[in-house]
Amino acid sequence: MAEQEYFKKALADFAFDAAAGDAIRHLADLGLSVAQIATKLNYPVKEEKIGKVVWEHFLKNRRILREEPGSGKSSEEYTYVTNYDAYGRKSFRRVKLAEYGGEKIVFKEIVYDFALGKFSDYLLQKCRENGEENSYFTCTFAQIRRQEPEIFATLMEALEVREREYLLGLPFEETVYHQLDRRIREIAAVLYKTGKYQGECWFLKSGEKIILPAKEGGKAGQKIFAV
């Protein structure tokens with residue numbers, strides 16, 4: 001029975017992906033939030049399901065990493081292929097598509113200081129030097145939401161509606177790393193101003209890890225937020 005349920009789910013997932021998966025991934029690549037994607041589809045799809053598709057897509061294209069940037073660990077992609085036996089009965093098999101990885105980077109750690117310039121300008125400069133695909137920001141949204149709901153609410157209130165909508169639409173895990181694209185740079189700059197932000201920016205090409213300490217009045221010494 002468990003095996004039959006597994007195949008039913010795999011078939012249902014395959015059918016859904018064929019019907020809406022490509023559209024969701026395309027719209028996500030264009031920069032639309034989960035809520036915005038929901039309004040563009042030809043038929044109703046729950047935002048939670050859209051969020052899962054976008055999340056898996058971002059993991060596959062390495063916009064989001066589960067491992068620390070430059071750790072040398074591999075991230076693997078899988079898919080399901082259809083098999084038929086001699087009687088024409090269908091089954092599914094999980095296979096590996098590709099493997100990503102690289103040499104471990106020993107980062108030069110730099111504590112961000114106002115002497116380095118305006119934070120948003122500094123991030124833009126570093127992303128131009130390294131490329132967005134080689135620049136990441138640590139994210140612990142799920143952890144903060146669970147452990148410090150009041151702080152989480154304060155941080156979300158500091159953001160513009162479109163920025164908050166983007167973050168809340170994704171099913172963030174305890175600790176992941178998001179590419180420093182334009183939207184995430186804007187979000188980071190706003191959250192840093194709250195004084196309740198403490199985390200890291202990772203730049204693979206230059207081999208730099210920028211540590212962002214909480215301002216006075218924040219919870220220095222404890223990672224209360226990283227995006």
Side-chain angles (χ1 to χ4, degrees), residues 33 55 58-59 62-73 75 104-160 162-227:
S33 67
W55 184 260
F58 284 175
L59 288 173
R62 297 184 70 75
R63 184 175 293 187
I64 291 176
L65 303 177
R66 283 191 172 114
E67 73 278 5
E68 282 191 1
S71 65
K73 297 179 181 178
S75 177
K104 184 174 182 178
I105 298 174
V106 179
F107 289 93
K108 176 183 178 182
E109 296 190 353
I110 301 171
V111 178
Y112 174 75
D113 186 272
F114 289 116
L116 295 172
K118 185 179 178 181
F119 181 49
S120 57
D121 293 341
Y122 181 75
L123 282 184
L124 178 58
Q125 174 191 339
K126 287 298 177 183
C127 287
R128 285 176 173 171
E129 292 175 2
N130 289 267
E132 289 182 358
E133 70 278 7
N134 296 311
S135 307
Y136 287 89
F137 224 33
T138 308
C139 305
T140 57
F141 292 117
Q143 177 183 330
I144 301 162
R145 194 171 195 172
R146 175 173 53 82
Q147 296 181 352
E148 301 283 354
E150 292 183 1
I151 291 177
F152 182 82
T154 299
L155 294 169
M156 292 298 102
E157 288 173 4
L159 299 172
E160 296 290 338
R162 62 184 181 83
E163 297 169 339
R164 183 166 59 248
E165 186 179 81
Y166 174 75
L167 296 181
L168 295 178
L170 295 176
F172 277 93
E173 300 167 3
E174 285 293 287
T175 302
V176 293
Y177 308 86
H178 196 302
Q179 281 184 359
L180 271 164
D181 55 28
R182 180 178 178 180
R183 176 162 42 197
I184 294 298
R185 289 198 306 271
E186 292 175 352
I187 289 172
V190 172
L191 295 177
Y192 183 66
K193 287 181 181 179
T194 67
K196 299 181 182 298
Y197 173 97
Q198 186 176 3
E200 310 89 22
C201 302
W202 309 73
F203 300 101
L204 304 182
K205 190 174 180 181
S206 59
E208 295 172 306
K209 176 182 176 181
I210 310 302
I211 300 172
L212 305 173
K215 298 177 184 178
E216 185 176 354
K219 294 191 176 182
Q222 178 185 357
K223 184 186 290 184
I224 61 168
F225 190 78
V227 53

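Keep in mind that the numbers below use all heavy atoms, side chains included, and drop hydrogens, waters and symmetry copies. Since this is a predicted model, take the numbers as computed values, not measurements.
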| field | Salt bridge flag under 4.0 Å for residues K104 and E68 | value | no
| request: Would you give the length of the straight line joining atom CD of E200 to atom OG1 of T138, rounded to the nearest 0.5 angstrom? | output: 4.0 Å
| query | When rounded to the nearest 0.5 angstrom, what distance separates OH in Y166 from CZ in R183? | reply | 5.0 Å
| Within the side chain of R63, is there an N or O that forms a donor-acceptor pair under 3.5 Å with the backbone of Q179? | no
| Side-chain heavy atoms of F203 within contact of L180, under 4.5 Å | yes
| query | Charged N to carboxylate O under 4.0 angstrom, E174 versus R146? | reply | yes
| said: Among residues at least two apart in sequence or on other chains, which ones pass ring pair (Phe, Tyr, Trp, His ring centres under 6.0 Å) with Y177? | reply: W202
| request: Mind checking salt bridge (Lys or Arg N to Asp or Glu O under 4.0 Å) for K209 and listing every partner two or more places apart, or none if nothing turns up? | output: E109
| query | What distance do L191 atom CG and L212 atom CG have between them, rounded to the nearest 0.5 Å? | reply | 11.0 Å
| request: Please identify each residue that fulfils side-chain contact (heavy atoms from CB on, under 4.5 Å) with K118, with sequence neighbours left out. | output: S120, D121
| Beyond-backbone contact of L123 with C201, side-chain heavy atoms, under 4.5 angstrom | yes
| note | Nearest heavy-atom approach of L124 to R185 is CD1-NH2, 3.6 Å
| query | Is there a donor-acceptor contact under 3.5 Å from the side chain of D113 to the main chain of L116? | reply | no
| request: With the side chain counted from C-beta on, respond yes when T194 and L155 share a heavy-atom pair under 4.5 Å apart, and no when they do not. | output: yes
| task | Tell me, with the steps shown, if R62 and E67 meet salt bridge (charged side-chain N to carboxylate O under 4.0 Å, His left out). | result | CA-CA 10 Å; R62 297 184 70 75; E67 73 278 5; 3.0 Å; yes
| field | Side chains of R145 and L168 in contact at under 4.5 Å (non-hydrogen atoms) | value | yes
| request: May I ask you to decide whether K126 forms a salt bridge with E129, counting only side-chain N to carboxylate O separations under 4.0 Å? | output: yes
| said: Test of understanding: with ring pair (Phe, Tyr, Trp, His ring centres under 6.0 Å), list the residues that count as partners of Y112, not counting sequence neighbours. | reply: F119, Y122, Y192
| Have S135 and N130 got a donor and an acceptor in their side chains that come within less than 3.5 Å? | no
| message | Strictly below 4.0 Å, N to O, side chains only: are E186 and R162 in salt-bridge contact? | response | yes
| message | F172 vs I144, test: side chain to side chain contact (heavy atoms under 4.5 Å, CB included). Steps then yes/no. | response | CA-CA 11 Å; F172 277 93; I144 301 162; over 6 Å; no
| What's the spacing between I211 CD1 and I110 CD1 if we round to 0.5 Å? | 9.0 Å
| What's the spacing between E132 CD and I184 CD1 if we round to 0.5 Å? | 10.5 Å
| request: Can you sort out the partners of E160 under salt bridge (Lys or Arg N to Asp or Glu O under 4.0 Å), two or more places apart, ordered by chain and number? | output: none
| query | Partners of E157 by side-chain contact (heavy atoms from CB on, under 4.5 Å), sequence neighbours excluded? | reply | none
| request: Using a strict cut-off of less than 4.0 Å between a Lys/Arg side-chain nitrogen and an Asp/Glu carboxylate oxygen, indicate whether E173 and R66 qualify as a salt bridge. | output: yes
| query | Taking C-beta and beyond as the side chain, do L204 and F107 meet within less than 4.5 Å on heavy atoms? | reply | yes
| E165 side, atom CD; S33 side, atom OG - distance, nearest 0.5 Å | 3.5 Å
| Between E163 and I187, which heavy-atom pair has the shortest distance, and what is it? | CB-CG1, 3.8 Å
